[in-house]
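Here the structure is laid out as structure tokens; the discussion comes afterwards.
Below, each value reflects all heavy atoms present in this structure, side chains not excepted, and no hydrogens, waters or symmetry copies.
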Amino acid sequence: MVIEEWKKCGIATKFPTYRNSKLVTVESWLKGKRVDDEAEGLWRINDGIYDFTDFIEKHPGGEFWIRETRGTDITEAFEAHHLTSAPSKMIEKYKVRDAVKPRIYTLTMHENGFYKTLKRRVAEKLKTIDNSPKQRSDLIHLGLLVSIFLFAIASARLNSLLFLALAGTALVWTCVTAHNYFHRRDNWRMYTFNLSMLNFCSWRVSHAMSHHIYPNSYLDLELSMFEPLLCWIPNPHIKSMMMRYVSWITEPFAYAIAFFLQMATRIYYSLTHTNIMYWHDLIPLTIPLSIYLGSDWPLVLCLRQWLYMTAIASFAFCVIGLNAAHHDPAIYHEGDANREDRDWGLFQVDTIIDRGDLKKSQFLVLTHFGDHALHHLFPTLDHGILPQLYPILYQTLDEFKGELRECNHIEHILGQHKQLLRIKPNLKPPGSK
């Protein structure tokens with residue numbers, strides 16, 4: 001498709017290279033982005049090329065973010081992860097030259113646009129905000145973490161299916177809550193995400209760098225990694241009749257094996273391509289080890305119990321995550337009509353319907369991906385303080401003709417299944433009456 005057509009229907013002027021890979025992974029996404037982004041082998045922010053090689057070890061957020069993004073355009077990620085103007089001034093000494101070619105992304109971040117205006121107001125609000133909810137988030141996370149091991153041991157000692165289910169529930173809630181921490185600078189809580197067999201390093205790419213920046217587009221790994229089992233893009237050329245209706249049947253199976261499939265893919269890629277395993281990939285083994293040490297079960301039964309727990313957590317994680325905010329026929333997906341104002345922040349809101357049934361409980365918000373729109377707009381902020389930002393968000397949305405939509409979990413589940421069936425693009429752009 002020619003560039004002008006891509007500008008009309010997508011967020012980039014190029015079809016992502018990674019989607020032509022035989023095996024879609026975090027590594028193929030990064031490799032494809034380095035081909036597509038016109039970053040000249042360094043780091044691109046807006047129309048500037050920067051060399052952050054000497055800054056990698058100095059980065060306050062940790063080396064990973066800078067090291068892994070070499071050769072890519074990090075404009076939106078840079079803006080979303082830095083709330084003040086200080087980083088923009090600091091990086092000037094690392095600028096090498098202006099970029100040779102224009103950016104391939106059609107989304108904007110104008111100084112007087114929605115997102116930059118909202119960000120300035122939020123930065124000012126944070127000076128007087130009540131930070132005590134952060135401590136409550138930490139306590140909730142710690143309580144869930146301890147509960148995993150207590151319930152897991154109890155399930156073996158009492159041979160109880162109830163405690164097995166509770167252990168699986170504690171595991172998925174700990175995993176979701178840990179997501180509150182891996183968006184930020186390196187910290188010990190992000191490692192607890194790995195208890196699920198997922199890996200926070202991979203998810204910093206597939207979730208924070210891909211899904212958060214380009215939701216519901218061809219650049220969103222959290223869409224492409226589920227294909228062909230689940231396909232939400234409304235394109236009749238890639239979504240066959242079988243993919244539409246059989247997905248309802250394969251969906252529960254896909255949910256139950258999602259955690260195992262992620263680990264298996266990483267192991268396979270490490271054996272056949274480049275090693276992408278870390279020492280913290282061994283963290284999940286602490287669960288069967290604790291069962292073994294806390295009960296009189298043989299090791300093989302402890303491993304079986306752990307696998308059952310993980311399958312429960314995997315299924316619950318997908319029920320929560322895939323029905324959290326992003327999939328409904330009313331939500332923008334790749335191919336739908338774009339709004340005239342291509343502001344990145346408005347694009348985020350257009351790809352989300354928030355779960356209004358979570359907002360009164362910090363526990364539910366943390367364990368069910370609540371306050372989703374604000375989290376997408378400001379991913380480094382603790383979920384506990386996000387509710388204090390709603391007045392500013394609503395005010396700014398009113399000024400820029402945006403709308404934050406809400407529904408409950410059942411409505412999201414129904415909408416997500418309708419989206420699996422949808423093949424016709426929405427012709428009315430978001431924000432139109």
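- Heavy atoms of other residues, nucleotides or ligands lying less than 6.0 angstrom from CG of L161 number 12 at most.
- Under the salt bridge (Lys or Arg N to Asp or Glu O under 4.0 Å) criterion, the residue pairs touching residues 267-287 are R266-D281, with sequence neighbours excluded.
- A salt bridge does not link R44 with D37: none of the charged nitrogens is closer than 4.0 Å to a carboxylate oxygen.
- Across K33, R103, K14, a single residue satisfies salt bridge (Lys or Arg N to Asp or Glu O under 4.0 Å) together with E38, and that is K14.
- With sequence neighbours left out, the ring-ring contact (aromatic ring centres under 6.0 Å, His included) criterion links F64 to no other residue.
- Legend: salt bridge (Lys or Arg N to Asp or Glu O under 4.0 Å) pairs involving residues 411-425, not counting sequence neighbours, sorted by first then second residue: D336-R422.
- The residues K119 and E79 are annotated as salt-bridged, a charged nitrogen and a carboxylate oxygen being separated by less than 4.0 angstrom.
- In H280, the NE2 atom is crowded: over 12 heavy atoms of neighbouring residues, nucleotides or ligands sit closer than 6.0 Å.
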Problem set entry | Worked verdict on H327 versus H333 for ring pair (Phe, Tyr, Trp, His ring centres under 6.0 Å) | CA-CA 8 Å; H327 301 305; H333 288 77; 5.3 Å; yes

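- Counting heavy atoms of neighbouring residues, nucleotides and ligands inside a 6.0 Å radius, atom CZ of R67 exceeds 12 of them.
- Aromatic pair F363/W173: centroids less than 6.0 angstrom apart.
- Partners of E124 by side-chain hydrogen bond (donor to acceptor under 3.5 Å, both in side chains), not counting sequence neighbours, listed by chain and number: K127.
- The ring-ring contact (aromatic ring centres under 6.0 Å, His included) search around F149 returns none, not counting sequence neighbours.
- In summary, the side chains of N194 and Y278 do not present any donor paired with an acceptor at a separation below 3.5 Å, with no hydrogens or angles considered.
- Judged by a 6.0 Å distance limit and a 45° cone about the ring axis, K359 is positioned over the six-membered ring of Y390.
- Counting heavy-atom neighbours within 6.0 Å of F260 CZ, excluding the residue itself, gives a total above 12.
- The side-chain hydrogen bond (donor to acceptor under 3.5 Å, both in side chains) contacts involving residues 151-167 comprise S155-Q305, where partners must be two or more places apart or lie in separate chains.
- Side-chain contact check for D343 and T108: no donor-acceptor pair (N or O, by modelled atom type) lies under 3.5 Å.
- For the residue pair H141 and T192, a side-chain donor N or O sits within less than 3.5 Å of a side-chain acceptor on the partner.
- A salt bridge (Lys or Arg N to Asp or Glu O under 4.0 Å) check over residues 393-402, counting only residues at least two apart or in different chains, returns the pairs R121-E399.
- By the 30° and 60° cut-offs, the orientation of the rings of W29 relative to Y214 is tilted.
- The ring-ring contact (aromatic ring centres under 6.0 Å, His included) search around H409 returns none, not counting sequence neighbours.
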Exercise. Given W232 and F226, is the ring pair (Phe, Tyr, Trp, His ring centres under 6.0 Å) satisfied, shown in steps?
Worked result: CA-CA 9 Å; W232 294 285; F226 278 95; 5.8 Å; yes

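- Using modelled atom types, one finds a donor on one side chain and an acceptor on the other under 3.5 Å when comparing N323 with Q416.
- Heavy-atom neighbours of Y394 OH from other residues, nucleotides or ligands within 6.0 Å: above the threshold of 12.
- In terms of the side-chain hydrogen bond (donor to acceptor under 3.5 Å, both in side chains) criterion, residue partners of N180 (sequence neighbours excluded) are, by chain and number, R184, D382, H383.
- Looking at H372 and H326, their side chains do bring a donor and an acceptor atom within 3.5 Å of each other.
- In this structure Y308 satisfies the ring-ring contact (aromatic ring centres under 6.0 Å, His included) test with no other residue, sequence neighbours excluded.
- Under the 6.0 Å cut-off for aromatic ring centres, W279 and Y191 qualify, their centroids lying closer than that.
- Ring-centre distance between H179 and F200: not below the 6.0 Å cut-off.
- Heavy atoms from other residues, nucleotides or ligands lying under 6.0 Å from CD of Q135 number 12 at most.
- Pairs of residues two or more places apart, or lying in two chains, never qualify as salt bridge (Lys or Arg N to Asp or Glu O under 4.0 Å) while including a residue from residues 139-152.
- Ring to ring, W203 and F317 are close: their centroids are under 6.0 angstrom apart.
- Salt bridge annotation for D341-R339: absent, with no cationic side-chain nitrogen under 4.0 angstrom from a carboxylate oxygen.
- E222 and H207 form a side-chain donor-acceptor contact under 3.5 Å, judged by distance and modelled atom types alone.
- Every side-chain hydrogen bond (donor to acceptor under 3.5 Å, both in side chains) that Q362 has, sequence neighbours left out, goes to R136, S137.
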